[in-house]
Amino acid sequence: MMRETPQAMDVALLLDWYDRHHRDLPWRVSPPMAQKGAAADPYHVWLSEVMLQQTTVRAVKAYFEKFLSLWPTIEDLAAAETEDVMKAWAGLGYYARARNLKKCAEVVAREHGGRFPESEEGLKLLPGIGDYTAAAVAAIAFNRRSAALDGNVERVISRLYAIETPLPAAKPEMRALALGLTPADRPGDFAQAMMDLGATICTPRRPACSLCPFRGSCRALVTADPETFPRKAAKKPKPLRLGAAFVAIDSSEAVYLQKRPDKGLLGGMTEVPGTDWSARRDGDTSIEAQPFAAPWEPCGTVSHVFTHFELRLSVYRASVGHARGAANGWWEPIGSLKEQALPTVMKKAIAKAIPQAFKAK
DNA sequence: CATTCGTGGAG
DNA sequence: TCTCCAAGAAT
């Protein structure tokens, strides 16, 4: 039977579904333990939520374990060197998250006695914590009623109510509907149940509607094709940008590296010298752009796709007799390159110039 | 509200 | 190969 709108009964069906089909995740206290009163560690919840921003569960798991191993408590993270945090984050992307993670740990450790604020408003004041993460931590770590509106929940809500308004304009409406569904007794489990539902049943393509606990009340299931929700505004095409990267190797097999500015693209990460291709313009791809005089030889191009543009780098390589000094750079032995704060595009460029650079010994 | 922030897997 | 997009935040 079809009901008009989802109500308390449907929320009960969702929680029942979650009790039986929840995912077991390293940072999660699953329903059996949660029902016995076991509380999630706010540090673990926050760390996982920041890592999971626009990032898949699969990619996050190993990083989450590594971070907990390196910094078991938020005080440990607060005391860490930012450079070490950047190195540990390398490869996960959106590097502003790593810098804000460190700042947030410092604020919580030093100004809040090591304890996270329990309210959404208090959480949102912290670096790197926005609408979603504040709501998620409040709900999951502190069992507070809040609307954690992530991509999963947007999809579930948009289908449940067949919302025609495209994103992001529909977000306030979705947030209100999600909050309206949130039960007073298990807000944390409700938030996680909605996300698990979106990740495993109410998927972007080919949703498994026959298995959905909301199948008796989903508007999209009867009025349209659920797969067409949520409605979204058309996105812009990605421009192709060009640039050059210069990989210098000295006689001791060390590569010349330097640190990027803290702000902007790949902020605070490590790079090889190159042209400026991040400032809405192509860089010089010619040998004329060399950072210092050396017998540069072209060794091909590498391509890399960022969120809003595609990059094609012309890679040059040069062997220099002995390491020469440089302003803000240093010579890094090939053997320790993999431990550096090198973003993926830089690893590609170095690997193009030195094929054996990142291979196991 | 629009733009700027990575990366890798799935289809 | 191409498109989508994954527990979004800061400006």
Side-chain angles (χ1 to χ4, degrees), chain A residues 23 25-28 40 44-64 86 89-101 103-104 123-141 146-156 166-172 175 178 188 190-200 203-206 227-228 230 232-239 241 260-269 278-280 303-311 341-348:
Chain A
R23 292 175 292 176
L25 302 170
W27 47 85
R28 168 178 289 179
H44 295 187
V45 174
W46 162 73
L47 178 60
S48 69
E49 290 299 343
V50 173
M51 287 183 166
L52 286 162
Q53 289 165 6
Q54 295 292 284
T55 309
T56 58
V57 167
R58 171 195 295 270
V60 164
K61 280 182 178 172
Y63 283 87
F64 178 79
M86 302 309 288
W89 196 278
L92 199 55
Y94 286 139
Y95 299 100
R97 292 185 296 172
R99 285 176 274 126
N100 285 329
L101 189 83
K103 289 181 194 168
C104 183
L123 286 161
K124 212 186 305 187
L125 293 175
L126 297 168
I129 297 186
D131 289 340
Y132 163 75
T133 304
V137 173
I140 299 170
S146 63
L149 196 69
D150 74 327
N152 287 307
V153 180
E154 286 174 356
R155 188 167 56 253
V156 172
L167 287 169
K171 288 186 80 170
R175 187 173 292 109
F190 174 79
Q192 295 178 94
M194 289 287 277
M195 290 188 269
D196 278 21
L197 188 70
T200 65
T203 50
R205 281 162 304 209
R206 296 178 58 85
E227 194 170 297
T228 64
K232 289 184 179 178
K235 57 187 141 181
K236 312 193 321 183
K238 281 182 189 182
R241 287 189 206 158
R260 291 176 63 87
D262 282 328
K263 300 203 172 196
L265 186 72
L266 306 177
M269 299 297 282
S278 64
R280 299 181 182 176
S303 291
H304 190 73
V305 180
F306 292 94
T307 306
H308 51 294
F309 69 95
E310 178 181 350
L311 175 67
L342 288 165
T344 298
V345 64
M346 290 301 157
K347 288 184 178 175
K348 285 183 182 177

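This is a predicted model, so every value here is computed, not measured. Letters A, B, ... mirror the listed sequences (proteins, then strands); counts begin at 1.
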- Quote, to the nearest angstrom, the P distance that separates dG8(B) from dA9(C). 22 Å
- Query: Any idea which of dG6(B), dG8(C), dG8(B) is nearest the T344(A) side chain?
  - Reply: dG8(B)
- Message: Give me the distance, rounded to whole Å, that separates dC5(B) from dC5(C) when you measure between the C1' atoms they each carry.
- Response: 16 Å
- Any donor-acceptor pair under 3.5 Å joining the side chain of R23(A) to the base of dA7(C)? yes
- Note on the structure: Atom CE of M51(A) and atom P of dT7(B) are separated, to the nearest Å, by 15 Å
- Item | Separation of atom NE2 in H308(A) from atom P in dG6(B), rounded to whole Å | 8 Å
- Message: Using ring centroids (six-membered ring only for Trp), state whether F306(A) and H304(A) fall under 6.0 Å.
- Response: yes
- Query: Is it true that a side-chain atom of T203(A) and a backbone atom of T200(A) form a donor plus acceptor pair closer than 3.5 Å?
  - Reply: no
- If you look at every strand shown and take non-hydrogen atoms under 4.0 Å, does A169(A) touch a base, only sugar-phosphate, or nothing? sugar-phosphate
- Separation of dA6(C) atom P from R97(A) atom CZ, nearest Å, is 15 Å
- Message: Any base atoms under 4.0 Å from T133(A), or only sugar-phosphate, or nothing? Heavy atoms, all strands.
- Response: sugar-phosphate
- Query: Quick one: is dA10(C) close enough that its OP1 or OP2 comes under 4.0 Å of any side-chain N or O from Y94(A)?
  - Reply: no
- NA contact type, V57(A), heavy-atom cut-off 4.0 Å: base, sugar-phosphate, or nothing? base
- Message: Using a 4.0 Å heavy-atom cut-off, does V305(A) contact any base of the nucleic acid, only the sugar-phosphate backbone, or nothing at all?
- Response: base
- Query: Rounded to the nearest Å, what distance is computed from the CH2 atom of residue W27(A) to the P atom of nucleotide dA7(C)?
  - Reply: 11 Å
- Task: Select base, sugar-phosphate, or nothing to describe what L92(A) touches, counting heavy atoms under 4.0 Å on all strands.
- Result: base
- Just checking G264(A): base, sugar-phosphate only, or nothing, at a heavy-atom cut-off of under 4.0 Å? sugar-phosphate
- Query: M86(A) CE to dG6(B) C1': how many Å, rounded?
  - Reply: 12 Å
- Query: Reckon P127(A) touches a base, only the sugar-phosphate, or nothing at all at heavy-atom distances under 4.0 Å?
  - Reply: sugar-phosphate
- Does the distance from a Lys or Arg side-chain N to an Asp or Glu carboxylate O, for D262(A) and R99(A), drop under 4.0 Å? no
- Between A191(A) and A139(A), what is the shortest heavy-atom contact and its length? CB-CB, 4.2 Å
- Please measure how far the C1' atom in dG8(C) lies from the corresponding atom in dC1(B), and state the result in whole Å. 16 Å
- Task: Would you mind classifying the nucleic acid contact of G198(A) as base, sugar-phosphate or nothing, using non-hydrogen atoms under 4.0 angstrom?
- Result: nothing
- Query: Of I129(A) and R28(A), whose nearest nucleotide on DNA chain C comes first from the 5' end?
  - Reply: R28(A)
- Spacing of K235(A) atom NZ relative to dA6(C) atom P, expressed in whole Å: 10 Å
- Query: Can you tell me how far P in dA7(C) sits from the matching atom in dG11(B), rounded to whole Å?
  - Reply: 14 Å
- Item | Quiz item: T55(A) side-chain donor-acceptor pair to dG8(C) base, under 3.5 Å | no
- When you check the phosphate oxygens OP1 and OP2 of dT7(B), does a side-chain N or O of H304(A) lie under 4.0 Å from one of them? yes
- Could you check how far CZ of R155(A) sits from C1' of dG8(C), rounded to whole Å? 15 Å
- Message: Rounded to whole Å, please give me the gap between CG in N100(A) and P in dC5(B).
- Response: 14 Å
- Message: Reading DNA chain B from 5' onward, which residue's closest nucleotide shows up sooner: F306(A) or K236(A)?
- Response: K236(A)
- Message: Between N152(A) and R155(A), is the side chain to side chain donor-acceptor pair (under 3.5 Å) condition met? List the steps.
- Response: CA-CA 5 Å; N152(A) 287 307; R155(A) 188 167 56 253; 2.9 Å; yes
- Task: On DNA chain B, check which nucleotide each of R58(A) and Q54(A) is closest to and give me the residue with the more 5' one.
- Result: Q54(A)
- Task: Could you tell me whether D196(A) and R28(A) have a side-chain N and a carboxylate O separated by less than 4.0 Å?
- Result: yes
- Heavy atoms under 4.0 Å, any strand shown: does L25(A) hit a base, just sugar-phosphate, or nothing? base
- Query: Do W27(A) and F64(A) make the cut of ring centroids closer than 6.0 angstrom?
  - Reply: yes
